[in-house]
Amino acid sequence: MPELPEVETVRTTLQTRLLGRVIERATIKRRDMLVVPGDPPGGFSRSARGAAPRFRRVRAADLLGGDRVDGVLRHGKQLAIVGASGRVLCVHLGMSGALLWRAPGKRLERADHVHAHWRLDDGSRLVFRDPRRFGGLWSFPGMDNLRLARWDALGPDALAVTSAQLGRALARSRRPVKAALLDQRAIAGVGNIYADEALFGSDIDPRRPAESLTRTETTRLARAIRGVLARAVRARGSTLRDYRDADGDPGAFQLAHSVYGRAGLPCHACGSPLASALVGQRTSVWCNACQA
DNA sequence: CACCACCCCTGGACGC
DNA sequence: TGCGTCCAGGGGTGGT
């Protein structure tokens, strides 16, 4: 379940491995995991019934073949591998996706569910693996196109969200504040784990209508979001089951979770058993005594 | 527009 | 052991 801290850890590990490397060969194995310019609008539609969509043929350049890696960017939970040509490949890991880098000659632990792979000029390899296929790849001729098509629709990056930005994201919305935090158009990068952790850290009940938060509470919540995400980045993310960074290493922040996955267990702050219920269609855990 | 139910997909946990 | 069932989750879509 890669959220912002996990994706940021993948970004930094990828950056050290890929920066300046030339991609000698790029291979797509599952065409419906990639969207290239010229594909049907919106790309592959998983719920599409009837006639199969007609995909444009994939060229090596669509997957950065022949390009030199100039940098790896992130907004919210999405990555962009930027080529020296200007072309970018946007990567979304979904919930089980991984971008794994392998040193020359080293084999992948598991080679099933590999949807794309790349060979670099130092003999190393990059692999996109995603068993549940909730992730995907999007190719764009330039960063401007990526922004226009995808990133402009996202809210401000949660790692640096200000209280003013969060206030705007929560204003005039009666849905539960937890649901608003999960909405990537409102704020980008927060998922189920860090939403629960940030709400606990700011003593706010996840069921509260977003618009009911006072200015003080919004400030407290913004600080809690930045704080928990920064600490999670320092711990290299949370590994519950699948998540690994580009080097294949797990994170350690799951050891520091206050509420996520602890339903019924005593609150670390007051000792009363943590409550759990569906909020915004997601399992949520919170402390009824601490969070108002 | 805001909100919500539902769907996509696989593997792990659990019950029998 | 092996089978069935349920659940996890980010995000897109289509209905209200």
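Just so it is clear: chains get the letters A, B, ... in the order the sequence lines come, proteins before strands, and each one is counted from 1.
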Item to check | Base-pairing assignment for dC1(B) (Watson-Crick or G-U wobble, both under 3.5 Å) | outcome: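 Paired with no nucleotide.
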Kindly point out which of [options] is positioned nearest to the side chain of [X]?
X         : options                   : value
Lys77(A)  : dC3(B), dT10(B), dG10(C)  : dG10(C)
His113(A) : dG11(C), dT10(B), dG10(C) : dT10(B)
Arg110(A) : dG11(B), dC9(B), dC3(B)   : dG11(B)

Next on the checklist: Return whichever of Met95(A) or Asp242(A) has its heavy-atom-nearest nucleotide of DNA chain B closer to the 5' end.
Outcome noted: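 Per heavy-atom nearest nucleotide, the more 5' residue is Met95(A).
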In whole Å, I'd like the distance from the [atom1] atom of [X] to the [atom2] atom of [N].
X         : N       : atom1 : atom2 : value
Asp112(A) : dG11(B) : CG    : P     : 7 Å
Asp196(A) : dG10(C) : CG    : P     : 11 Å
Arg185(A) : dT13(C) : CZ    : P     : 11 Å
Asp183(A) : dG11(C) : CG    : P     : 10 Å
Tyr243(A) : dG9(C)  : OH    : C1'   : 16 Å
Phe134(A) : dG11(B) : CZ    : P     : 12 Å
Leu4(A)   : dG10(C) : CG    : P     : 13 Å
Gln184(A) : dG11(C) : CD    : C1'   : 8 Å

Checklist entry - Passes side chain to side chain donor-acceptor pair (under 3.5 Å), Tyr194(A) versus Glu6(A)? Steps please. => result CA-CA 11 Å; Tyr194(A) 298 104; Glu6(A) 292 75 34; 2.6 Å; yes
Checklist entry - NA contact type, Tyr260(A), heavy-atom cut-off 4.0 Å: base, sugar-phosphate, or nothing? => result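 The residue Tyr260(A) makes sugar-phosphate contact but no base contact.
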Checklist entry - What is the nucleic acid contact for Ser173(A), judged by heavy atoms within less than 4.0 Å: base, sugar-phosphate only, or nothing? => result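 If one applies the 4.0 Å heavy-atom cut-off, Ser173(A) turns out to touch the sugar-phosphate alone, with no base involved.
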Checklist entry - Any sub-3.5 Å donor-acceptor pair from His92(A)'s side-chain atoms to Gly94(A)'s backbone N or O? => result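 Yes, because the side chain of His92(A) sits within donor-acceptor range (under 3.5 Å) of the backbone of Gly94(A).
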Next on the checklist: Keeping Asp157(A) on the side-chain end and His75(A) on the backbone end, is there a donor-acceptor pair under 3.5 Å?
Outcome noted: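 No; zero donor-acceptor contacts below 3.5 Å.
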Checklist entry - Can Asp70(A) and Arg68(A) be said to form a salt bridge (Lys or Arg N to Asp or Glu O under 4.0 Å), step by step? => result CA-CA 6 Å; Asp70(A) 248 14; Arg68(A) 180 165 47 78; 3.2 Å; yes
Checklist entry - Which residues within residues 273-286 of chain A lie with some heavy atom under 4.0 Å of an atom in DNA chain C? => result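 Heavy-atom contacts with DNA chain C come from Arg282(A), Thr283(A).
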Checklist entry - Would you call Arg208(A)-Asp205(A) a salt bridge at under 4.0 Å N-O? => result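 Answer for the salt bridge query: no.
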Checklist entry - Is any side-chain N or O of Arg175(A) closer than 4.0 Å to OP1 or OP2 of dC4(B)? => result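 The answer is no; no side-chain N or O of Arg175(A) sits under 4.0 Å from OP1 or OP2.
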Checklist entry - Looking only at N and O atoms, is any donor in the side chain of Arg172(A) or the base of dA2(B) less than 3.5 Å from an acceptor on the other one? => result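 Side chain to base: no pair below 3.5 Å.
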Checklist entry - Does atom CZ of Arg207(A) have more than 12 heavy-atom neighbours, drawn from other residues, nucleotides or ligands, at distances under 6.0 Å? => result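 Above 12, so yes.
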Next on the checklist: Arg172(A) vs Glu211(A), test: salt bridge (Lys or Arg N to Asp or Glu O under 4.0 Å). Steps then yes/no.
Outcome noted: CA-CA 5 Å; Arg172(A) 288 181 298 281; Glu211(A) 64 177 4; over 6 Å; no
